[in-house]
Amino acid sequence: MNETMEGLKRSIYCGLLTDEYEGRQVTLTGWVNRRRDHGGVIFVDLRDREGLVQVVFAPEMGEELFAKAESVRNEYVLAVCGKVRKRPEGTVNPNMATGDIEVMVGDFRVLSTAKTPPFYIEDEIDVDEMVRLKYRYLDLRRPQMQKSLFLRHRVVKCMRDFLAEQGFIDIETPVLINSTPEGARDYLVPSRLHEGKFYALPQSPQIFKQLLMVAGMDRYYQIARCFRDEDLRADRQPEFTQLDVEMSFVSRDDVLTTTEEMIARLYSQEFGYEIKTPLPRLSYQEAMDRFGSDKPDLRFGMELINIAEEVKDSDFKVFRQVIERGGNVKGINAKGCAGYSRKEIDDLTKFAGIYGAKGLAYFVITAEGVKAPITKFFTPEQVEGIVKKMQGEPGDLLLFVADEPSVVAASLGHLRLELAKQLNLVDKNEINLLWVVDFPLLEYDAEEKRWSAMHHPFTSPVEEDLALMESDPGRVRACAYDLVLNGVEIGGGSIRIHRREVQEKMFNNLGLSQEEAQEKFGYLLDAFQYGVPPHGGIALGIDRLIMLMAKRETIRDVIAFPKTQSAMDLMCQAPSKVEAKQLRELHIKTTSSPSK
RNA sequence: GGAGCUGUGGUGUAGUGGCCUAACAUGCCUGCCUGUCACGCAGGAGAUCGCGAGUUCGACUCUCGUCAGCUCCGCCA
């Protein structure tokens, strides 16, 4: 039933056919996007990765062939041979790139019949993602998905070209490595040859790229697959792709500048958009203070404003006590939202609660003055002071959170984003890039009661904070930086520690004993005894970057075969059970019941 | 580990205790149709309403559990 390509050769992609081919005999191949059977004549839109073209089946081709044409259905794979011609007057389709021409089919073959697909192969579909993922190969036929993958290809190619020009070389690092403490949960791979031992899949090629610097490669890059066994999000998959870069004998600004140039070239090449460099830089502290986030979206204002000074002497116990305990009281001004209903404010309160806020205080500013249940705790002067600090005007809604600093930042920071969404404050076409710099080197893990590296254990402290490492580790700034695009972290890196004594201090702060450090990272420490260049680098999240460039809401849309939120591949059904024999070879026994 | 939303022919939806013997659109099948392009017209097939309990005289509808998908919190150097 299915015919072969024997003796046929495609002349051109369907979507690339132009009127320059008029009068010429061509062979086209593709999928039947849609057929319109008029009885005496059949129109078929033939689709390939470049687009559509209309091919026409008319009875002149002969009875037998025409009968075959009548049996053609959607998604059949055809090879058609025919003459390109201008469409008759009045039948040109201006909505179609190839709408002024068509191919009069003289002969054709059905290379493959097809079942009716479970959903339409077209953009703007509204199909349950479960179905799309199960039939991902059909989902990927949709032009929009193909465009995303083409975009991804061009972006990665542009990166490679740029980096090659700059003297970076592409080096692969192993995928089977050893598990390390710190950081995300590792994916483990049992060893058959070493009973009871495991490889881990890399969370990033971090240590290897640093060893490549010790090896004198000077400038390295890799499009690296990374693995983290943590829960998924719209912008987090268990395996994802990073552009991993490392360079020797450089300062922080060398890394930033190189990255900026690359990103600028990307946008220039892809959209003809000129990004102004150098990009703005915001310290972590300032980002947290003003936006409640270390990846602030600067496409709109509505900054967090500290009103501790204005409320510290008020009768409002909630605020006062928080301040006395070292907490923050901050607010945001939702311009023009004074008309929000009780329920809308309740919803905002609930929303703030997700991030730990125990309440959401508010002022409604009307022409007659401030209206709110809590005004009674403040003197008129205090109310006025708060309104002034918040730059409140009649018609505004002021929202306040009082809590420990991290809760205030998280709740107001997210509330700010939520309100921007509701009020449509974001220009979707704006491209807002910035660096967040001067991250803390360490953060305190309350659960484990110890310091842990905010970036990773090889991040260098900034020189002038070195002395604080023993006296006040929480205040040490790291020579680390994140690249933020429209409120999404798309990359991060640091200048690394290249001095053994600083590295030891770092391990010390992390509560790693000399022995533990030697056991886990000994090879890096050893390497550092043999001449290590100062070095630093960055890793960019390719999936997230492409997601933003393609204006998609989830990285699943720019990954060919992504996993669901429960880390399953609905198409191939991974993960799956394995044979008992395989487990025996790996010296593994599972604890779950065999029926499961 | 937790919160929320969703689950009804292939697909997208409607149906808030009896009107449901489950509706609409689209897709699919059959027939007609020589200029359509979301072709048109006529007819037809197709659903134990995610799964399991419970409440009820009666459950697509209410309750509980469970599974799956999505969003989020925790987690993610």
Side-chain angles (χ1 to χ4, degrees), chain A residues 33-46 52-60 66 70-71 73-75 87-96 98-99 102 104 115-122 124-135 138 180-186 203-204 206-207 226-238 240 347 350-357 407 410-411 414 417-418 439-443 445 447 451-459 478 480 482 489 492-494 506 510 539 541 553-554 556 563-566 568 570:
Chain A
N33 194 62
R34 198 165 252 128
R35 97 198 151 96
R36 295 175 291 280
D37 184 348
H38 287 246
V41 60
I42 301 166
F43 300 99
V44 164
D45 295 333
L46 204 59
L52 300 173
V53 71
Q54 174 165 284
V55 301
V56 186
F57 298 84
E60 289 79 62
F66 194 72
E70 284 177 320
S71 72
R73 291 294 179 269
N74 284 347
E75 300 308 317
R87 292 208 195 171
E89 197 147 336
T91 64
V92 168
N93 183 352
N95 301 321
M96 208 172 165
T98 61
E102 62 191 8
M104 294 303 293
K115 286 170 71 173
T116 303
F119 52 86
Y120 319 124
I121 311 299
E122 62 184 23
E124 313 307 326
I125 55 167
D126 184 18
V127 183
D128 196 312
E129 199 169 353
M130 238 187 295
V131 182
R132 288 177 54 201
L133 288 174
K134 181 172 175 192
Y135 301 95
L138 297 181
T180 53
E182 296 279 318
R185 190 177 295 111
D186 282 321
Q203 297 175 28
S204 86
Q206 185 58 38
I207 294 176
C226 305
F227 305 86
R228 293 176 191 176
D229 188 2
E230 297 292 348
D231 286 353
L232 290 79
R233 289 286 189 282
D235 62 355
R236 270 164 40 188
Q237 284 272 305
F240 60 100
D347 286 345
K350 222 177 279 171
F351 182 86
I354 297 173
Y355 305 94
V407 170
S411 55
H414 283 96
L417 295 173
E418 173 63 20
F439 278 80
L441 183 70
L442 300 160
E443 59 188 342
D445 184 334
E447 207 170 296
W451 292 97
S452 66
M454 192 149 180
H455 189 54
H456 58 57
F458 316 110
T459 299
D482 274 4
E489 179 201 326
S494 62
M506 180 72 174
L510 297 177
E553 299 284 324
T554 159
R556 295 189 298 279
K563 291 178 176 57
T564 66
Q565 193 163 48
S566 61
M568 290 211 300
L570 293 182

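Chain A is the first sequence line, chain B the second, and so forth, proteins listed ahead of strands; every chain is numbered from 1. A quick note: this is a predicted structure, and the numbers were derived from the prediction, not measured.
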> To the side chain of A:Met568, which of B:U71, B:G69, B:C76 is closest?
Replying inline: B:G69
>> So does A:Asp229 get a backbone contact from the side chain of A:Arg185, meaning a donor-acceptor N/O pair under 3.5 Å?
In response: yes
>> Which residues pass the salt bridge (Lys or Arg N to Asp or Glu O under 4.0 Å) test with A:Asp235, not counting sequence neighbours?
In response: A:Arg544
> To the nearest Å, how far apart are A:Asp126 CG and B:A38 C1'?
Replying inline: 17 Å
> Can you check the A:Arg132 CZ to B:G12 P distance for me, whole Å?
Replying inline: 11 Å
> Expressed in angstrom and rounded to an integer, what is the separation of A:Glu122 atom CD from B:U11 atom P?
Replying inline: 15 Å
> Which one, B:G74, B:G69, B:U11, comes nearest to the side chain of A:Arg233?
Replying inline: B:G74
>> Roughly how many Å apart are B:A59 and B:C64, using the C1' atom of each and rounding to a whole number?
In response: 15 Å
> Can you tell me how far P in B:U30 sits from the matching atom in B:G46, rounded to whole Å?
Replying inline: 16 Å
>> I'd like to know if A:Arg34 reaches the base of B:C37 with its side chain, counting only an N/O donor and acceptor under 3.5 Å.
In response: no
>> Distance check needed: B:G74 P versus A:Glu443 CD, whole Å only.
In response: 12 Å
> When the nearest nucleotide of RNA chain B is assigned to A:Thr554 and to A:His456 on a heavy-atom basis, which residue is associated with the more 5' position?
Replying inline: A:Thr554
>> Between P on B:G9 and CG on A:Asp128, what's the gap in Å once rounded to a whole number?
In response: 11 Å
> If you check every side-chain atom of A:Tyr120, which of B:C76, B:G10, B:C70 has the closest atom?
Replying inline: B:G10
>> Name the residue from A:Leu52, A:Val53, A:Asn33, A:Val55 that meets the side chain to side chain contact (heavy atoms under 4.5 Å, CB included) definition with A:Val44.
In response: A:Val55
> Distance check: side-chain N/O of A:Arg185 vs OP1/OP2 of B:G74, anything under 4.0 Å?
Replying inline: no
> Within this structure, what is the CE-to-P distance between A:Met96 and B:C39, rounded to whole angstrom?
Replying inline: 11 Å
>> Tell me if the side-chain of A:Asp231 makes a donor-acceptor pair with the base of B:G74, cut-off 3.5 Å, by modelled atom types.
In response: yes
>> Less than 4.0 angstrom from a charged side-chain N to a carboxylate O is my criterion; do A:Arg236 and A:Asp231 meet it?
In response: no
>> Say we look at B:A42 and B:C33: how far apart would their P atoms be, to the nearest angstrom?
In response: 16 Å
>> Tell me if a side-chain donor or acceptor on A:Ser494 pairs with a main-chain N or O of A:Ala480 at a distance below 3.5 Å.
In response: no
> Among all residues two or more places apart in sequence or in another chain, which pass the side-chain hydrogen bond (donor to acceptor under 3.5 Å, both in side chains) test with A:Asp37?
Replying inline: none
>> Please report the distance separating the C1' of B:A3 from the corresponding atom of B:A47, rounded so that it comes out in whole Å.
In response: 33 Å
>> Parallel, tilted or perpendicular: which one describes the rings of A:His414 and A:Tyr355, with boundaries at 30° and 60°?
In response: parallel
> Rounded to the Å, how far apart are A:Tyr135 OH and B:G69 C1'?
Replying inline: 15 Å
> Taking the same atom, P, in B:G18 and in B:A45, what whole-Å distance lies between them?
Replying inline: 28 Å
> Mind checking the C1' distance from B:U71 to B:C32? Whole angstroms is fine.
Replying inline: 50 Å
> If you look at every strand shown and take non-hydrogen atoms under 4.0 Å, does A:Ser204 touch a base, only sugar-phosphate, or nothing?
Replying inline: base
> When rounded to the nearest Å, what value does the distance between C1' atoms of B:C49 and B:U11 take?
Replying inline: 16 Å
> Who does B:G4 pair with, Watson-Crick or G-U, both distances under 3.5 Å?
Replying inline: B:C70
> Watson-Crick or G-U wobble partner for B:G31, using a 3.5 Å limit on both distances?
Replying inline: B:C41
> Which atom pair, heavy atoms only, marks the closest approach of A:Leu510 to A:Pro457?
Replying inline: CD1-CB, 3.7 Å
> If pairing requires Watson-Crick or G-U wobble contacts with both distances under 3.5 Å, which nucleotide is the partner of B:U63?
Replying inline: B:A53
>> Apply side chain to side chain contact (heavy atoms under 4.5 Å, CB included) to residues A:Gln565 and A:Glu129 and explain how you reach the verdict.
In response: CA-CA 11 Å; A:Gln565 193 163 48; A:Glu129 199 169 353; over 6 Å; no
> Under a 3.5 Å cut-off for both distances, is B:G58 Watson-Crick or wobble paired, and to whom?
Replying inline: none
> Which part of the nucleic acid, if any, lies within reach of A:Tyr355 when heavy atoms closer than 4.0 Å are counted: base, sugar-phosphate only, or nothing?
Replying inline: sugar-phosphate
> Under 4.0 angstrom, heavy atoms only, what part of the nucleic acid is A:Pro117 near: base, sugar-phosphate, or nothing?
Replying inline: nothing
> Going 5' to 3' along nucleotides 28-35 of chain B, which nucleotides have protein heavy atoms under 4.0 Å from the base (write B), which only from the sugar-phosphate (write S), and which from neither (write -)?
Replying inline: SSS--BBB
>> Between B:U13 and B:G54, how far apart are the two C1' atoms, rounded to whole Å?
In response: 30 Å
> Rounded to the nearest Å, what distance is computed from the CZ atom of residue A:Arg36 to the P atom of nucleotide B:C41?
Replying inline: 16 Å
